[in-house]
Number of protein chains: 2
Amino acid sequence: MEDQLALARQNFIQNMSRISHFWGFPKAMGAIYGAIYLSPQPVSLDELVEQVGVTKGAVSTNVRTLERLGMVHKHLEVGDRKDYYTAETDFWKVIRGVLREREQQEFDLALRAVAESLELARTPEALAADADTAVFYQQRMTNIQDFFNSLDNLVAMLIALDNLRSGTLSRLFGNSS
Amino acid sequence: MEDQLALARQNFIQNMSRISHFWGFPKAMGAIYGAIYLSPQPVSLDELVEQVGVTKGAVSTNVRTLERLGMVHKHLEVGDRKDYYTAETDFWKVIRGVLREREQQEFDLALRAVAESLELARTPEALAADADTAVFYQQRMTNIQDFFNSLDNLVAMLIALDNLRSGTLSRLFGNSS
DNA sequence: TAATACGTTTAGTTTGAACTAAACGTATTA
DNA sequence: TAATACGTTTAGTTCAAACTAAACGTATTA
């Protein structure tokens, strides 16, 4: 590996690492994805250990997460016990994978929790104790519940779109590009 | 404060705390927003200390972040040195605020870093050293650069939309609602 | 001028997520 | 059967972010 290419690679992987961290994922996960993404051939777990510079355990767990998100794909070769990984290069598909895996469950959780708070604010006891506050709480909680529902629907829609492309939204919004 | 209402409030604030943490913000920040959101009157810093149960310093820094994101608004009353806060209740506006503050700068950073990696992979030295790898790197890096550009444009568009509502996207996508 | 009432900043501490090192389970080969 | 080559799991450690406690700056009041 020559200097400039090694530097380009190193730079790129570091950037992926930072982005990963920014989005709330482990830094090593981004670095591992970057290494796989920049590999012309499928990469084995041990090669990743060497290239990224983390231990086997860390690679094992992170690469499993990456696979769950649909960011990498596992390949088994006959007469070879190693697992090989390739990168998903369609990033819109990656986004949908992340939304499906992370956001969906979190949205459901948020919705259920708000519903529970709202239940409490709607009890006769709450109204009897402090009617003004109870009504106010109900209004505010209903407001955020509506928002969460809308967001939930929106995300579900985005996930369902299997032809989401860079131009999809901009075309719909009628921008100039 | 009666039992049911206090419970509803506590439940709600805890949920906001969890959501905040999930999106990569401090838990206290979400809790503080929740407390302000559920207050019929503007809330002072010391009231927040009492209600949320964190120290003044933490409230001070978190409430400043909330204001920067456009999630709360500061109100000064004449003949009163205290700062009072109210919650932004238009969550689509909140989303745009978060996108503007967080994502925009991070996107620019990501774009610049990829451009830098790409520069390195495009040097004559890189091509001379290992042409196949250099070309491959260039392809992959260009691919992700295009994606980042699209995403950047998309987010810029969302931020610019000052009439973004729950129905906006669903109407555009032509779903049944 | 001193005392008070604010919000802010800072040094130090806490905490939890992500890592390492190493044991482990299992399949394959000698 | 023993040795090897894998990926996985686990106990322990590290580290950065978020917090606390307290000092601080400043404006207001007595």
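When reading the values below, keep in mind they use all heavy atoms of this one structure, side chains included, and skip hydrogens, waters and symmetry mates. These numbers were taken from a predicted model, which means no experiment stands behind them. Below, chains carry the letters A, B, ... as their sequence lines are ordered, and counting in each starts from 1.
- Side-chain N/O atoms of A/T55 include none lying less than 4.0 angstrom from OP1 or OP2 on C/dA21.
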Between A/H21 and A/R18, is a side chain to side chain contact (heavy atoms under 4.5 Å, CB included) present by the stated rule, with each step listed? CA-CA 5 Å; A/H21 181 241; A/R18 193 181 45 71; 5.8 Å; no
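- Both distances falling under 3.5 Å, in either a Watson-Crick or a G-U wobble arrangement, place D/dG12 opposite C/dC19.
- Comparing C/dC19, C/dA17, C/dT9 by their nearest atom to the side chain of B/H21 picks out C/dA17.
- Expressed to the nearest 0.5 Å, how far CZ of A/R64 lies from NZ of A/K74 amounts to 8.5 Å.
- Atom pair A/L66:CG and D/dG7:P shows a separation of 15 Å (rounding to whole Å applied).
- For the pair B/H75 NE2 and C/dG7 P, the computed distance is 15 Å after rounding to whole Å.
- Ionic pairing of B/E77 and B/K82 is not present here: no N-O contact between side-chain nitrogen and carboxylate oxygen is shorter than 4.0 angstrom.
- In this structure, the side chains of B/D46 and B/K56 come closer than 4.5 Å at one or more pairs of heavy atoms.
- Between the P atom of D/dA16 and the CZ atom of A/F22 lies a distance of 19 Å, rounded to the nearest Å.
- Taking atom CG of residue B/N62 and atom P of nucleotide D/dA18, one finds them 8 Å apart after rounding to whole Å.
- Take the nearest nucleotide of DNA chain C for A/F25 and for A/G79: the residue whose nucleotide is more 5' is A/F25.
- When Watson-Crick and G-U wobble pairs are counted only if both distances are under 3.5 Å, D/dT1 pairs with C/dA30.
- Taking 4.0 angstrom as the limit, A/R81 places none of its side-chain polar atoms (N or O) nearer than this to OP1 or OP2 of C/dG25.
- A 3.5 Å limit on both hydrogen-bonding distances identifies C/dC6 as the Watson-Crick or G-U partner of D/dG25.
- Among the atoms of the strands shown, none is found under 4.0 Å from any heavy atom of A/V59.
- The distance between atom CG of A/D80 and atom C1' of C/dT29, rounded to the nearest whole Å, is 14 Å.
- Judged as a side chain to side chain donor-acceptor pair (under 3.5 Å), and not counting sequence neighbours, B/Q138 has no contacts.
- As a whole-Å value, the separation of A/K27 NZ from C/dT20 P is 12 Å.
- Nearest to the side-chain atoms of B/K56 among the listed nucleotides C/dC19, D/dG7, C/dC6 stands C/dC6.
- Spacing between atom NZ of A/K82 and atom C1' of D/dA5 amounts to 9 Å, rounded to whole angstrom units.
- The CZ atom of A/R64 sits 14 Å away from the P atom of C/dC19 (whole-angstrom rounding).
- Residue B/P26 places its side chain closer to D/dC19 than to any other of D/dC19, C/dT8, D/dG7.
- Counting only heavy atoms from C-beta on, A/L45 has its side chain closest to D/dG7 among D/dG7, C/dT20, C/dT9.
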